[in-house]
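To find a chain, count down the sequence lines: A is the first, B the second, and so on, and within it residues start at 1.
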Amino acid sequence: MGRKLFLGYKLRRLREQKKLSQAALAALLEVSPSYLNQIENNQRPLTVTVLLKIARVFDVELPSLVEDDESRLVADLKEAMNDPVFGGGGIPLSELRNAAGASPELAKRVLSLYQAYQQQSERLHTLTENLSSGEGEAARQGVHFPYEEVRDFFYYCNNYFGRLDEAAEELVSREGFRLGEMHNELVRYLKDRHDVRVRIPDEPAMRRFDASHGTLELSAQLSISGRAFQLAHQVGLLAYHGLIDEIVGGAKFASDDARSICRVGLANYFAGALVMPYGAFAEQARSLRHDIEQLQSRFGASFEQVCHRLSTLQRPGSRGVPFYFVRVDRAGNITKRHSATRFHFTRFGGACPLWNVHEAFAQPSKILVQLARMPDGIAYICLARTVTKKGGAYSRPDRHFAVGLGCETAYAGELVYAGGLDLGHEPAAVPIGVNCRICERDDCRQRAFPPIGSHITVDENNRSFVPYLFA
DNA sequence: ATTGCGCAGTGATGAAAGCT
DNA sequence: AGCTTTCATCACTGCGCAAT
């Protein structure tokens with residue numbers, strides 16, 4: 001019980017803050033310099049008498065001296081040690097505490113080693129992905145593909161571009177746009193302010209802008225929300241190209257391809273920000289408890305747009321719930337992804353077949369709710385639903401996607417979808433090493449499809465609970 | 001039950017070596 | 001020269017254990 005206190009590093013920081021030498025502080029504390037030195041190097045524990053003297057000399061509260069730092073270290077260690085790479089099975093908390101207390105420096109180094117490992121494997125996965133995508137030569141030379149590069153940039157920005165959000169909000173209030181009526185508002189705005197007329201020819205092109213004639217053609221197949229989004233996109237390009245170029249310029253892309261892909265991405269971001277302005281949207285999302293369908297009707301946006309927007313609410317100071325967002329096609333390919341969470345998307349292959357984004361195709365248009373626990377031990381509440389892109393002709397069949405949205409169960413209380421889920425009673429832990437073909441745990445290497453249901457547990461509400469999805 | 005002894009662990013120190 | 005680190009050492013305490 002009587003854990004020994006090793007606060008050497010903390011003491012050293014305190015001392016250096018006060019610009020005292022060891023000798024000087026030793027005199028103040030009435031101990032020998034060598035003893036103090038050993039304490040600072042964690043070769044000697046802090047005794048109560050010395051601790052009291054320190055508290056007196058530095059005029060700090062005892063609790064603040066003893067706590068804080070170490071508990072964070074312990075928490076980080078715990079998280080890291082849960083990674084299967086460490087051989088599975090957590091280390092008892094008491095042992096972690098001992099380790100962090102006795103040799104915080106070692107603990108920190110283990111953590112930074114782990115961090116480096118994560119980065120490396122991330123890079124390796126990217127590389128593997130590139131190699132298998134048939135453009136091996138470039139990848140082998142370490143050349144990033146434009147799309148990858150842009151995606152990394154968005155990831156690096158946490159998928160949040162405050163300046164675009166602010167610009168969009170400012171435009172909405174300046175023009176007095178009525179939310180939920182953005183289609184009509186933007187048609188009017190484009191005509192009044194930019195002398196651009198909107199036409200709807202029956203052509204496959206989603207959006208075509210002709211600057212010389214001042215016309216914007218939109219596909220007849222687009223829904224109203226889709227049109228509003230394309231209009232907003234065009235507004236971004238017309239009215240805020242300077243701002244967009246500035247952001248693109250700041251990203252230091254290697255190629256023009258990457259720059260133009262990024263420009264499109266930013267214009268899309270702006271479109272989302274214009275149709276669903278940050279402040280109003282975040283507020284509504286909270287008060288409607290993230291009811292996607294209600295948000296859709298308030299803002300006249302599609303299911304996918306709302307989900308995507310929800311994953312971008314990371315404004316410092318007024319962050320929303322951190323969501324991941326994915327879109328997959330029927331073959332299981334991830335066609336869009338973003339994560340404001342610690343959620344790790346698999347980099348290669350399909351995702352775990354047990355994930356409800358795949359199940360969604362079997363129950364079109366129905367919102368599926370699932371609790372899933374990742375190999376890192378974090379549990380997520382996962383929503384999934386199919387969305388359809390109209391083709392509008394026999395030669396252009398509809399395309400179906402499944403959209404997935406989710407967050408850690410810690411936030412589940414803020415979601416209507418958690419109703420009925422007894423989060424306090426998650427189904428008991430499921431054995432490690434289920435034979436998922438994706439997770440690649442040591443005892444789970446078989447690539448065959450797992451017998452669906454064999455390692456799935458179901459809670460009282462008949463909602464499936466998937467133990468491990470993918471690494 | 002008490003006493004004495006050896007021993008290991010702990011808190012602390014001083015001398016000397018190592019750094020800048 | 002002053003500060004920091006290492007190392008050997010010491011006093012003290014508590015514990016196990018055998019002798020009394």
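Put simply, CG on A:Leu25 is 13 Å from C1' on C:dC3, counting in whole angstrom units. Computed from coordinates, the A:Ile39 CD1 to C:dT6 P distance equals 15 Å when rounded to whole Å. Distance, A:Tyr35 OH to C:dA11 P: 17 Å, rounded to whole Å. In this structure, A:Gln38 atom CD and B:dG11 atom P are separated by 11 Å, rounded to whole Å.
Within the cation-pi definition used here (under 6.0 Å to the ring centroid, within 45° of the axis), A:Arg259 does not qualify as a partner of A:Phe253. Relative to the six-membered ring of A:Tyr278, A:Arg315 meets both conditions, a distance below 6.0 Å and an angle of at most 45° to the axis.
For A:Asn37, no side-chain nitrogen or oxygen approaches OP1 or OP2 of C:dT4 to under 4.0 Å. Applying the 4.0 Å criterion to OP1 and OP2 of C:dT4, one finds that A:Arg15 has a side-chain N or O inside that range.
Ring pair A:Phe161/A:Phe153 is tilted by interplanar angle, where 30° to 60° counts as tilted.
Within 6.0 Å of OH on A:Tyr411 lie no more than 12 heavy atoms contributed by other residues, nucleotides or ligands.
At a cut-off of 3.5 angstrom, the base of B:dG14 holds no donor-acceptor pair with the side chain of A:Ser32.
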